[in-house]
Amino acid sequence: MSFVDDPPIAADPAAGVATQVDAARPDLVTGDRPASASQGTVQVRTEAFEGPFDLLLHLILKDEVDLYEVNLSTIVDAYLAEVERMDLCDLESATEFLLIAATLVELKCRRLLPVDDSVDLDEELGFWEERDLLLSRLLECKTFKDAAKVFEQLAERAALSAPRRAGMEERFLDLTPDLLSGVKPEMLRRAFLRVASAKPEPTVDLFHVTAVKASVSDAIAEFVRDLPAKGRVTFRTLTSGHTERVEVVVRFLAVLELFKQGMIEIEQPGAFGDLTVEWIAGESDVNDALAGADLYEG
Amino acid sequence: MHHPEDPNPTAPEGPAFDDTAFDDTAFDDTVIDLTEPSTDPLTEASRAIEAIVMVATDPIPEQLLAQLVELPVVTVRAICADLANQYLAEGRGFQFVEVAGGWRYQSHPAQAPYVERFALEGQTARLSGAALETLAIVAYKQPISRGQVSAIRGVNADGVLRTLEQRGYICEVGRDDGPGQAILLGTTDIFCERLGLGSPDDLPALGDFVPSAAVVEALEQTLRVDDHPGGDADASADHAAEA
Amino acid sequence: MHHPEDPNPTAPEGPAFDDTAFDDTAFDDTVIDLTEPSTDPLTEASRAIEAIVMVATDPIPEQLLAQLVELPVVTVRAICADLANQYLAEGRGFQFVEVAGGWRYQSHPAQAPYVERFALEGQTARLSGAALETLAIVAYKQPISRGQVSAIRGVNADGVLRTLEQRGYICEVGRDDGPGQAILLGTTDIFCERLGLGSPDDLPALGDFVPSAAVVEALEQTLRVDDHPGGDADASADHAAEA
């Protein structure tokens, strides 16, 4: 999921989101790290953001001057917009990004809505746990990030010295044992394949997961098709046929996206009440809505 | 032309070259005590160690040196440290250093521009940010499974780990006892060489990298559950009471 | 043991002496100021020559040294002779000698018994994993240049290649047509003999092998002598951008 070939955010049709994100992350377009491997660099697949923690840390800590001014809404929006832009090519990474998106969105909802005392205590504790887990994982990630910086400095410093590798003088060579004793041609073949073979395609372990179609743009398309005819409908109804968490998450993201674009109205009778969704946009806006979301490949 | 006597016993003719351009008095200061060159076993061992490490292609562990010169490891260690200091004091263009569990000769960092000019081919590739972070996780958490690395990074780390393995920085060091018997990974000597470490123990303590209070607070503030505009002390108090 | 002041100007502390606990300030001085290398150009050149010859795998001609340190050949010749005399006077276990048209370090003949012991006992009788991989690359992709082998392996393979060459398993088989006229390596008859092969063609087939990007890039790359400095500059630029 390299961003190298992505159009700049400003060109993104989802301008409503884009402007906000752009302001929050002026460095995203120019890239604050090399997105492509330079000549001679280890050919690790470089991604603009190495995972959801990386992205979230960046969003929260990017501007250390304003550490205390960080606004959760801005961060959630920027995070969702970034996830939206990504070409999430495998379900595994998509799920991680989306699960954290779900936690963030829930966090944001808590801030916006009054606390409901009647809420299920187990659920409440569950959410606290999730939030604390996210926090500790972020701290762990940050710890290793900082350690990696020191690794880089150590490697740079070490690279200033070249080791002596000239080896034995000719007259001693006869004394050394035959290095090829015991080496079989097959060992050479395996050694060659080990060092020269392409990495296997990133595979998703589908052993326990049936292929889940999780695409925000598909969900948007589905809503754009179905919602105008349905009138007011609850989010629960919209997701009733979907048991996979990631499917519910992408539909929730789709609802947020449509809301942002002014296509739908959202109502919630009280904290943790059922979300009600109503289509309010005209026919002409539909294409914009569809163009506004990048694909999540499930 | 003054020719210093070679203190190495049974030494044949020294350098195949006489030079008159240099002031021969310059050598008088550097000549060490030549009165009893070969009777001192420490001096003898020191020379043997210089010779052995000079022809070695990899760092030589003190244990092996001790075995070859037939002296205790502690003595060998002292000799090696002394040699390192001698070259340093003399301002040599090379160093004698302990890297990846052994001693080796290497060029002095200050001479890097000249060495780079000379060694044009096959420079070691730079490590990407992802590779460095993954390497840090393996280095500090070893032995660790691929799945655990991925969990910490929040993304599938298999590709990066495979590259690091191909480069020889990490390798399989065992199997997990658990039902899956997951492969456990650890760092290699090549990793130590790349970072200029005597051993992984020479890494700075992971505790040194625990995020600062400001960072922790920023994360907590941002991800706190209750939103009290202004995020004042009340919020923290509420938070504490509720938690 | 005293810690003498390092007379190498602007040199960072060498890893072997960095036995203090890591602290934040330890990493602040990683950038070496190269603007004022030395007060004395002869001393500076002498150090550079020590460094270059130390890391070289073959004897270095005076002409090349002169070019690298930007001094006349006669001066370089005098410096080399002086270095040779210094090591002799200090009773080092190694020598600095002119052989085969160039200067190199080698073990002092008086230390031969220790070096022989090391050759017999100290070395593993098996090829290391890295050596086996390097040999496999040459065997399957011959003729191939040193630079290409290093590019595929991602680390400098010169030392390993030299060992394989010294053992007679690989040798120079030609020159590249390109501007650099890089030396091309291939396997020898000894190699085939030891492995019981009639010719390198008898090596086990690779099957439906998909080469990695590094291999494709390394083999497609036009061989250029100057491809290192450019690549390095790019890497530094990237690094600067990243920092």
Side-chain angles (χ1 to χ4, degrees), chain B residues 4 6-12 14-17 19 21-22 27 30-32 37 47-52 54-55 57 64 68-69 81-82 84-85 88-89 91-95 97-99 105 107-111 113-115 117-126 167-168 196 204 208, chain C residues 1 3-4 6-12 14-16 22 32 34 47-52 54-55 68-69 78 81-82 84-86 88-98 105 107-111 114-115 117-118 122 130 146-147 150 154-159 163 225 228 232 235 242:
Chain B
D6 187 348
N8 267 289
T10 72
F17 187 70
D19 180 68
F22 270 67
F27 299 132
T30 54
V31 173
I32 56 167
R47 285 176 191 154
I49 288 169
E50 285 183 314
I52 292 164
M54 191 60 83
V55 303
T57 49
L64 177 54
L68 293 169
V69 302
D82 189 42
N85 281 330
L88 186 67
R92 296 288 169 205
F94 55 82
Q95 296 178 315
V97 294
E98 195 178 11
V99 171
Y105 283 101
S107 57
H108 194 290
Q111 306 307 322
Y114 294 102
V115 174
R117 220 180 276 181
F118 165 68
L120 293 178
E121 282 189 277
Q123 285 295 299
T124 304
R126 221 180 114 249
R167 299 295 185 236
D208 295 355
Chain C
M1 190 195 323
H3 270 215
D6 188 349
N8 264 292
T10 69
F22 278 89
I32 294 183
L34 299 170
R47 285 175 188 157
I49 289 170
E50 284 183 312
I52 293 164
M54 184 58 82
V55 303
L68 292 167
V69 301
D82 184 42
N85 279 330
Q86 285 177 31
L88 184 69
E90 289 170 8
R92 295 288 167 204
F94 55 82
Q95 298 177 315
F96 193 68
V97 293
E98 197 177 12
Y105 285 97
S107 59
H108 195 291
Q111 307 306 323
Y114 292 103
V115 175
R117 193 183 285 187
F118 171 59
R146 286 188 174 79
S150 293
V155 292
N156 189 320
D158 287 355
T163 304
V225 271
H228 159 249
D232 205 43
E242 193 170 2

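Just so we're clear, the structure is a prediction, and the values are computed from it rather than from any experiment. In what follows, every chain begins at residue 1, and chains take the letters A, B, ... in the order their sequences are listed.
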message = C/T163: which residues meet the side chain to side chain donor-acceptor pair (under 3.5 Å) condition with it, sequence neighbours left out?
response = none

task = Begin with the C-alpha distance, continue with both residues' side-chain angles, and end with the deciding distance and a verdict on side-chain contact (heavy atoms from CB on, under 4.5 Å) for C/Y105 and B/F94.
result = CA-CA 12 Å; C/Y105 285 97; B/F94 55 82; 3.4 Å; yes

query = Who among C/I52, C/V69, C/V115 has the most heavy-atom pairs with chain B under 4.5 Å?
reply = C/I52

inquiry  = Just verifying a value: how many Å separate C/M54 CE and B/Q111 CD, rounded to the nearest 0.5 Å?
reply    = 12.0 Å

request  = With sequence neighbours left out, write down each residue that passes ring-ring contact (aromatic ring centres under 6.0 Å, His included) with C/Y114, or none if nothing qualifies.
outcome  = none

ask   = Any idea which heavy atoms bring B/G91 and C/E50 closest together, and the distance?
value = O-OE1, 4.3 Å

ask   = Roughly how far apart are C/R47 CZ and B/H108 NE2, rounded to 0.5 Å?
value = 8.0 Å

ask   = Do you know the tightest heavy-atom contact between B/A51 and C/G93?
value = CB-O, 3.3 Å

